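Reminder, nothing fancy here: chain letters follow the sequence lines and each chain counts from 1. Model, not experiment: these values are computed from the prediction.
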There are 2 protein chains.
Amino acid sequence: MSQPDTKQRLLDAAECLFAAEGFHSTSLRAITGKAEANLAAVKYHFGSKEALLEAVLKRRLVPLNRVRQERLEALRMAARQSGVRPPTEAVLRAFIEPTLAFRDSGAGAEAFLQLVGRAIAEPDDTIRNLFMQLMKPIFLLIYDTLGDALPELSDTERFWRLHFSLGALSHAMCLVGRFQILPQGVAPRPEADDLTKMLVNFLKVGMEAPCD
Amino acid sequence: MSQPDTKQRLLDAAECLFAAEGFHSTSLRAITGKAEANLAAVKYHFGSKEALLEAVLKRRLVPLNRVRQERLEALRMAARQSGVRPPTEAVLRAFIEPTLAFRDSGAGAEAFLQLVGRAIAEPDDTIRNLFMQLMKPIFLLIYDTLGDALPELSDTERFWRLHFSLGALSHAMCLVGRFQILPQGVAPRPEADDLTKMLVNFLKVGMEAPCD
DNA sequence: GAATAAATCAAACGTTTGTTTTAATATGCG
DNA sequence: CGCATATTAAAACAAACGTTTGATTTATTC
């Protein structure tokens, strides 16, 4: 090998291009071109274009979800032992903080956030199912943990408020770095910490709002 | 003409397919096949595939945004005359209520909501620019009206809270009708009224939350 | 009813797509 | 060295894409 792992270069290039152009609009020729690899390299190392997408998603999403899972389960554990409810804000933070902090963790990370933020609304069944399969466990865990934090909330309200929150998060993830409409007086690119603070602060009160 | 307007049938078919499969994944052959029209009909009536998308978007989005604009401007007017701030909830409702109520207005309306809910995160520049051009005026108007309602809020906070809200709304729009993860005890498809109430209720407190 | 315009049609265009095949090259090991 | 395995390279594949063409049918106008 001349350069670091072709496999790695393909993952990096695919992540970047999938995020910028979308999965279907990105050709294997564009990916292998950017990665300075041969066209057949994708088939050789991954098997297919879809398998490449799966690898791109898993590379970052599995560790990220593991962190989220650990933080959420630690919250449940601590709450159960001390006999008090986990604070809503802590539950939201356990899910959101790793996501947006992740943004500054490396070169392709920001692109990856766009990719994931868009995957949640993906029209293609194969892609959405792949993404949902990766997200379902953590989704159900935060749903349950929010139930611990807000036991008086009905299942339906909790479900929809969680989805409103996921929508706000994914939208924030997509928006980071690509603004289309910027009114005067608005900082173009907040720090990850500030964005997390704003988002958690916004969602917390929504989650805890009385139902009527 | 054998059937009602080919142009109309093309719009309906395209709306449905764009929503279900996405713009790039929908072929002109699929559209003209569903519309029972000739392949060249799109070129003849609209000029191109992109122009067809523009027509699909404008057909519903222009009237919808007109309603939103009227309601928002009526709020500003009433507030200015009475000397009190427009209520945050009313501002949100002016924007959201027409959207979700629209869902029950016709056959393709629900599909259209998915299409629009996804367009906001669209990777393709041409599509996103087209959508943004249609949405920019109403976006700036609600941004200003929220400024009337919440003058103590900083521009940056107001901007991001608005985006969180748009994310929640677009996510709710995409989700309507296609659930992937349904915990027990959750109603699968709330009425538009109920969904609006939940969403507005959720966003209102987030908008009005203290900054720290 | 002839002449003009509007609409539809089947067929083919050149390109690009993901995939596959076959050959060449580098690498590791005894 | 020589063999075997892993990787890269180049070329070709059929299929699908949006677009275009030129002929034909339908509708409108004088």
Side-chain angles (χ1 to χ4, degrees), chain A residues 1-57 59 115 119 122-131, chain B residues 1-57 59 115 119 122-131:
Chain A
M1 290 152 251
S2 51
Q3 300 186 238
D5 236 335
T6 301
K7 211 166 167 178
Q8 211 73 26
R9 294 204 319 275
L10 284 173
L11 285 171
D12 292 338
E15 175 175 73
C16 177
L17 290 172
F18 285 162
E21 319 277 350
F23 175 72
H24 281 112
S25 300
T26 301
S27 69
L28 289 181
R29 285 163 180 82
I31 295 170
T32 52
K34 186 180 175 75
E36 299 185 49
N38 188 269
L39 174 58
V42 168
K43 153 88 174 176
Y44 179 79
H45 285 284
F46 298 96
S48 70
K49 189 186 178 186
E50 277 189 358
L52 172 60
L53 173 67
E54 184 171 345
V56 166
L57 287 179
R59 177 171 66 150
L115 179 58
E122 174 63 44
D124 184 278
D125 275 347
T126 315
I127 301 178
R128 202 180 57 250
N129 287 342
L130 167 60
F131 178 73
Chain B
M1 287 154 255
S2 52
Q3 300 186 236
D5 235 335
T6 301
K7 213 166 164 178
Q8 211 72 25
R9 295 204 316 278
L10 285 173
L11 285 171
D12 291 338
E15 175 175 74
C16 177
L17 289 172
F18 285 162
E21 319 277 350
F23 175 72
H24 281 113
S25 300
T26 301
S27 69
L28 289 181
R29 285 161 179 84
I31 295 170
T32 52
K34 186 181 175 77
E36 298 184 48
N38 188 270
L39 175 58
V42 169
K43 152 87 174 176
Y44 178 80
H45 285 284
F46 299 95
S48 69
K49 189 186 178 187
E50 276 189 359
L52 171 61
L53 173 66
E54 183 171 347
V56 166
L57 286 178
R59 177 171 66 150
L115 179 57
E122 174 64 44
D124 185 278
D125 276 346
T126 315
I127 301 178
R128 201 181 57 249
N129 287 342
L130 167 60
F131 178 73

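- One interatomic measurement links the two molecules: NZ of A/Lys49 to P of C/dG18, which rounds to 4 Å at whole-angstrom precision.
- Under 4.0 angstrom from either OP1 or OP2 of C/dG18 there lies no side-chain N or O belonging to A/Ser48.
- Protein atom CD of B/Glu36 is 14 Å distant from nucleotide atom C1' of C/dT8, rounded to whole Å.
- In this structure, the CD atom of A/Gln8 is 13 Å from the P atom of D/dT8, given to the nearest Å.
- Distance B/Arg29 CZ to C/dA11 P: 14 Å, rounded to the nearest Å.
- OP1 or OP2 of C/dA7 has not a single side-chain nitrogen or oxygen of B/Thr6 nearer than 4.0 Å.
- Per the geometry, NE2 belonging to A/His24 stands 15 Å off C1' belonging to C/dT16, to the nearest Å.
- Partners of B/Ala40 according to the side chain to side chain contact (heavy atoms under 4.5 Å, CB included) rule, which considers only residues two or more places apart in sequence or in another chain, are B/Asn38.
- Atom P of nucleotide D/dT7 and atom CZ of A/Arg9 are separated by 13 Å, given to the nearest angstrom.
- Rounded to whole angstrom, the span from the CG atom of A/Leu17 across to the P atom of C/dG18 amounts to 12 Å.
- Among the protein residues, A/Thr26 comes within range of the sugar-phosphate backbone only, with heavy atoms under 4.0 Å from sugar or phosphate atoms but none that close to a base.
- For residues 21-56 of chain A, every residue pair satisfying the ring pair (Phe, Tyr, Trp, His ring centres under 6.0 Å) rule, not counting sequence neighbours, is listed here: A/Phe18-A/Phe23.
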Hey, what are the protein-to-nucleotides 20-24 of chain D N/O distances that come in under 3.5 Å?
residue, atom, partner, partner atom, Å
D/dT20, OP2, B/Lys43, NZ, 3.0

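- Note on A/His45: every side-chain N or O is 4.0 Å or more away from OP1 and OP2 of D/dA6.
- B/Ala35 and B/Arg9 get closest at one heavy-atom pair: O-NE, 2.8 Å.
- Summarising the geometry of A/Ala119 relative to A/Arg128, their closest heavy-atom pair is O-CG, 4.2 Å, with the distance given to 0.1 Å.
- Legend: salt bridge (charged side-chain N to carboxylate O under 4.0 Å, His left out) pairs involving residues 46-57 of chain A, not counting sequence neighbours, sorted by first then second residue: A/Glu54-A/Lys58.
- The shortest distance between the side-chain N/O atoms of A/Ser27 and the OP1/OP2 oxygens of C/dT17 is below 4.0 Å.
- Applying the side chain to side chain contact (heavy atoms under 4.5 Å, CB included) test to B/Arg59 and every residue at least two apart in sequence or in another chain returns B/Gln8, B/Leu11, B/Asp12, B/Glu15.
- The CZ atom of B/Phe46 sits 15 Å away from the P atom of D/dG18 (whole-angstrom rounding).
- In this structure, B/Ile31 and B/Leu52 approach most closely via the heavy-atom pair CD1-CD2, 4.0 Å.
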